[in-house]
Amino acid sequence: MPDFKLPDLGEGVTEAEIDKWLVKEGDTLNEDDPLVEVITDKASAEIPSPYAGLVTKIHVQAGDVVPVGTVLVSIGESSDSERPAGGDRPSLSSDSPRDAAGSPAASLRNSPEGGSPSSAGAESVKAMPPVRKLARELGVDISAITPSGPDGRVTREDVEAFAGDGDGEAFVASVGSEGERREPYRGVRRLIGERMSQAHRVVPPVTHVEECDVTELEATRKMANERAPDEPRLTFLPFIIKAVVQGLKDHPAVNASLDERAGEIVYHGRYDIGVAVDTPAGLTVPVIKDADQKRLRVIASEIDRLAKAAREGSLKADELRGGTFTVTSPGPFGGLMATPIVFHPQSAILGVHRATDRPVVRNGQIVIRKMMNLSITFDHRILDGMTAAKFVLDVVNLLEHPAVIALEA
């Protein structure tokens with residue numbers, strides 16, 4: 001009876017979360033039939049069965065985070081089933097990921113301490129290594145904490161509540177309140193949460209906001225769309241990305257990241273711009289590679305393609321890696337102003353907010369112009385406020401003169 005283990009997922013990934021089983025015990029499989037969907041910090045992927053036979057036992061459940069090499073499922077051999085040539089378990093190919101919330105340079109999640117405890121005390125507690133580390137940093141005895149996570153797992157919230165509670169009891173939310181609906185905190189949503197928590201803990205953020213008059217930009221893009229209705233439709237975003245690239249060239253520290261292990265600031269020579277996309281699974285940030293070498297219409301086409309793939313869950317792993325700067329633009333839902341979280345280890349992120357008609361003063365007269373706020377949240381370890389402010393002002397100046405962008409595009 002062959003056991004199928006979680007294969008080497010490549011790209012330095014050491015573990016994965018079981019997102020969804022595509023079979024159940026008792027099912028008969030052919031070789032290469034869809035077996036299980038997993039999520040890593042790079043992407044999620046559908047893993048096919050390397051064997052034909054009968055599913056005799058599923059060893060891990062949806063929501064479990066397990067290291068590479070963990071037995072996932074046992075498949076009983078039947079008369080018409082045989083092991084694949086070579087006998088070794090397959091490695092997941094680089095083009096197999098189909099969705100992700102991850103991002104360039106995101107930190108790996110560590111696996112929980114499950115199964116039979118090998119030692120007493122803290123070592124026998126079910127908790128992920130980052131949670132154990134937090135407990136050590138806060139001086140908390142993790143074995144004294146009442147777990148609230150699935151399968152008796154101690155969560156970060158348990159540790160934080162225990163550390164902040166005078167009587168040492170972790171707060172556990174009430175269950176079964178009238179009108180209450182609960183769903184598991186796992187998969188892409190948990191991945192996003194972990195990344196955001198890490199960025200919040202590590203990055204000292206500062207946000208700077210500027211107004212931008214996009215009246216001329218609105219007229220320019222409308223005319224361009226009317227003159228070329230068969231071309232990819234231009235929104236504000238392609239113009240913003242081109243303006244951002246020019247700003248990054250003039251202010252290299254904004255196109256940088258901090259290598260904390262090496263103690264070095266890395267100034268990137270490429271301009272790979274991440275674009276935040278809202279999907280049913282959560283926030284995803286596909287990357288427009290070499291944005292400095294692409295024309296406006298090409299960028300518009302790339303935005304459409306990547307956003308569609310993100311919502312369909314068909315993004316490739318390479319389309320989610322390597323961003324040097326990120327733009328988040330919720331369009332009409334952008335609000336007046338927000339403070340987006342830096343996509344660590346990048347040095348900054350640009351927030352694009354809703355464009356609305358507002359009364360403003362021009363040449364001593366009150367006139368109506370289409371105005372939009374731009375906010376930059378930046379890592380103050382890498383950037384000073386003056387650099388960030390100059391960068392945003394340069395972006396604003398280009399957006400207020402869109403003909404310059406069009407000429408340089």
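Computed from a prediction, not measured in an experiment: that's the story for all the values here. Heads up: numbering here begins at 1 and tracks the sequence.
Other residues, nucleotides and ligands place more than 12 heavy atoms under 6.0 Å from the CZ atom of Arg362. Heavy-atom neighbours of His401 NE2 from other residues, nucleotides or ligands within 6.0 Å: at or below the threshold of 12. Atom NZ of Lys249 has more than 12 heavy atoms from other residues, nucleotides or ligands within 6.0 Å.
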Verify side chain to side chain contact (heavy atoms under 4.5 Å, CB included) between Asp27 and Leu54, making sure each step is shown before the conclusion. CA-CA 6 Å; Asp27 284 355; Leu54 185 72; over 6 Å; no
Kindly indicate, with the supporting measurements, whether the criterion ring-ring contact (aromatic ring centres under 6.0 Å, His included) is fulfilled by Phe391 and Phe325. CA-CA 13 Å; Phe391 166 78; Phe325 185 87; 5.6 Å; yes
Could you go through the side chain to side chain contact (heavy atoms under 4.5 Å, CB included) check for Leu234 and Arg297 one step at a time? CA-CA 7 Å; Leu234 292 175; Arg297 296 284 188 184; 3.6 Å; yes
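When all heavy atoms of Trp21 and Val73 are compared, the closest pair comes out as CH2-CB, 3.9 Å. When all heavy atoms are compared, the tightest approach of Val287 to Leu306 is O-CD1, 3.7 Å. Counting all heavy atoms, side chain and backbone alike, Ile58 lies closest to Gln61 at O-NE2, 3.9 Å.
Here the side chains of Val244 and Val254 are not in contact, with every heavy-atom distance at 4.5 Å or above. Residues Val202 and Glu260 are in side-chain contact: their nearest non-hydrogen atoms beyond the backbone lie under 4.5 Å apart. Counting heavy atoms from C-beta on, the side chains of Cys212 and Met371 never come closer than 4.5 Å.
Panel note: side chain Asp33, backbone Asn30; a donor-acceptor pair is recorded below 3.5 Å. Panel note: side chain Ser347, backbone Ala253; a donor-acceptor pair is recorded below 3.5 Å. Of the possible donor and acceptor atoms, one in the side chain of Asp141 sits under 3.5 Å from a partner among the backbone N and O of Ser143.
Put simply, OG on Ser301 and CD1 on Ile288 are 10.0 Å apart, with the number rounded to the nearest 0.5 Å. His353 contributes atom NE2, which lies 7.0 Å from atom CG of Leu374 (distance to the nearest 0.5 angstrom). Note that CZ of Phe239 is 10.5 Å distant from CD1 of Ile299, once rounded to the nearest 0.5 Å. In this structure, Thr284 OG1 and Asp278 CG are separated by 8.5 Å, a value rounded to the nearest 0.5 Å.
If you run side-chain contact (heavy atoms from CB on, under 4.5 Å) between Pro340 and each of Val352, Leu350, Ile349, only Ile349 comes through. The side-chain contact (heavy atoms from CB on, under 4.5 Å) test with Val203 is passed by exactly one of Asp379, Ile341, Leu258: Asp379.
If you check the side chains of Thr155 and Asp158, you find a donor sitting under 3.5 Å from an acceptor. His208 and Ser375 share no donor-acceptor pair across their side chains, judged by distance under 3.5 Å alone. For the residue pair Ser74/Asp3, the side-chain donor-acceptor check at 3.5 Å is satisfied. In this structure, a donor-acceptor pair under 3.5 Å is absent between the side chains of Thr377 and Thr339. Remark: the Thr326 side chain and the Gln346 side chain contain an N/O donor-acceptor pair separated by less than 3.5 Å.
A cation-pi geometry, defined here as NZ or CZ lying under 6.0 Å from the six-membered ring centre and within 45° of its normal, holds between Arg221 and Phe236.
Salt-bridge formation is not detected for the pair Asp272/Lys289: no Lys NZ or Arg NE/NH1/NH2 atom is positioned less than 4.0 Å from an Asp or Glu carboxylate oxygen. A salt bridge is defined here as a Lys NZ or Arg NE, NH1 or NH2 lying under 4.0 Å from an Asp or Glu carboxylate O, and Lys222 with Glu226 fails to meet this definition. Electrostatic pairing of Lys316 and Glu319 does not count as a salt bridge here, judged by no charged N lying under 4.0 Å from a carboxylate O. For the pair Glu400 and Arg369, the salt-bridge criterion is not met [side-chain N within less than 4.0 Å of a carboxylate O].
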